[in-house]
Amino acid sequence: MIKDKINKELLPRHIAVIMDGNGRWAKKQGKNRIYGHQNGVDSVDRITEAAAELGIEYLTLYAFSTENWNRPQDEVNALMDLFVEAINANMEKLLANNVRLCVIGDHDRLPEKTRTNMQEAINKTNGSTGMTLVLAISYSSRWEILEAAKKIAADYKNGSVDLDGINEEYFASKLATGGMPDPDLLIRTSGELRISNFLMWQLSYSELYFTDVCWPEFKEQQFYEAILDYQSRERRFGKTSEQISK
Ligand code: FPP
């Protein structure tokens, strides 16, 4: 089995995923885009469970970008409902898998119902000590970096930080992902070769993995393939190969 080939000593601590291709996949089936998103929920469930079972510490899923607010209103509404339904329907499983839920993004833009439901779900999983599932909803990297810049400006103004104190570690702590390790592996489905305003600070040294498979068809097998590919890479972080093998 492909899963058995994964080296448990070399697991990525944090995997981030751009779940792309729901709409195109649905169109190929002669269905509407929302059908694609509904089928994408099954992949979310299965990848979350597979990641938790493997021992991945953080799984971040890009579910809705700031730019996605510009989609047709019925698709936006359907997605907002789907997030809540999917989280509620999977609460037992999240708890059984010891998964802690966390949401990053501009929550002020979310409908009240979605925001409240998300918060309730987050509270319910608060006691979990296993994998952290981070849903990026109404999220964009530029939004996040601007927010961090504003927080830093406020800290500087009130004297809680000076110029020398504004280093990488401090800056990272002001991002929505503050306290989390950077992703080791980024997966993007559906053949698109872009970062699309996702975790631009955090992905600086991540290994990138692109697959033509659309998100509704991305299941355990494809996930394990991505991890195996990651494990075949040499991560140098700017150093030489010789320095790394020492
Ligand atoms: C990208 O495909 C996908 C999205 C914008 C939505 C992702 C949402 C889900 C998978 C639903 C469930 C999520 C959670 C977290 C419970 P696309 O619509 O851009 O596809 P296209 O590029 O083919 O049009």
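It should be emphasised that the depicted structure is a prediction, and the values quoted were computed from it without experimental measurement. Just the heavy atoms: all of them, side chains too, but no hydrogens, waters or symmetry mates, feed the values below. In each ligand, atom 1 is the first atom listed, and ligand 1 is the first ligand listed.
- A salt bridge does not link Arg13 to Asp182: none of the charged nitrogens lies less than 4.0 Å from a carboxylate oxygen.
- The side chain to side chain donor-acceptor pair (under 3.5 Å) test applied to Glu53 returns Lys3, not counting sequence neighbours.
- Ionic pairing of Lys219 and Glu217 is not present here: no N-O contact between side-chain nitrogen and carboxylate oxygen is shorter than 4.0 angstrom.
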Please tabulate, one line per pair, the protein N or O atoms found under 3.5 Å from any N or O atom of ligand 1, giving the distance to one decimal.
{"from": "ligand 1", "atom 1": "2 (O)", "to": "Gly21", "atom 2": "N", "distance (Å)": "3.4"}
{"from": "ligand 1", "atom 1": "2 (O)", "to": "Asn22", "atom 2": "N", "distance (Å)": "3.4"}
{"from": "ligand 1", "atom 1": "18 (O)", "to": "Arg33", "atom 2": "NH2", "distance (Å)": "2.8"}
{"from": "ligand 1", "atom 1": "18 (O)", "to": "Arg71", "atom 2": "NH1", "distance (Å)": "2.8"}
{"from": "ligand 1", "atom 1": "19 (O)", "to": "Asp20", "atom 2": "OD1", "distance (Å)": "3.3"}
{"from": "ligand 1", "atom 1": "19 (O)", "to": "Arg71", "atom 2": "NH2", "distance (Å)": "2.8"}
{"from": "ligand 1", "atom 1": "20 (O)", "to": "Gly21", "atom 2": "N", "distance (Å)": "3.3"}
{"from": "ligand 1", "atom 1": "20 (O)", "to": "Asn22", "atom 2": "N", "distance (Å)": "3.2"}
{"from": "ligand 1", "atom 1": "20 (O)", "to": "Gly23", "atom 2": "N", "distance (Å)": "3.0"}
{"from": "ligand 1", "atom 1": "22 (O)", "to": "Asp20", "atom 2": "OD1", "distance (Å)": "3.1"}
{"from": "ligand 1", "atom 1": "22 (O)", "to": "Arg24", "atom 2": "NE", "distance (Å)": "3.4"}
{"from": "ligand 1", "atom 1": "22 (O)", "to": "Arg24", "atom 2": "NH2", "distance (Å)": "2.9"}
{"from": "ligand 1", "atom 1": "23 (O)", "to": "Gly23", "atom 2": "N", "distance (Å)": "3.3"}
{"from": "ligand 1", "atom 1": "23 (O)", "to": "Arg24", "atom 2": "N", "distance (Å)": "2.6"}
{"from": "ligand 1", "atom 1": "23 (O)", "to": "Arg24", "atom 2": "NE", "distance (Å)": "2.8"}
{"from": "ligand 1", "atom 1": "24 (O)", "to": "Arg33", "atom 2": "NH1", "distance (Å)": "3.0"}
{"from": "ligand 1", "atom 1": "24 (O)", "to": "Arg33", "atom 2": "NH2", "distance (Å)": "3.1"}

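- Summarising the hydrophobic clusters (Ile, Leu, Val, Met, Phe, Trp, Tyr; side-chain heavy atoms under 4.5 Å, direct or chained), the residues clustered with Tyr35 are Trp25.
- Ionic pairing of Glu147 and Lys150 is present here: one or more N-O contacts between side-chain nitrogen and carboxylate oxygen are shorter than 4.0 angstrom.
- Contacts of Phe64 classified as ring pair (Phe, Tyr, Trp, His ring centres under 6.0 Å), with partners at least two apart in sequence or in another chain: Trp69.
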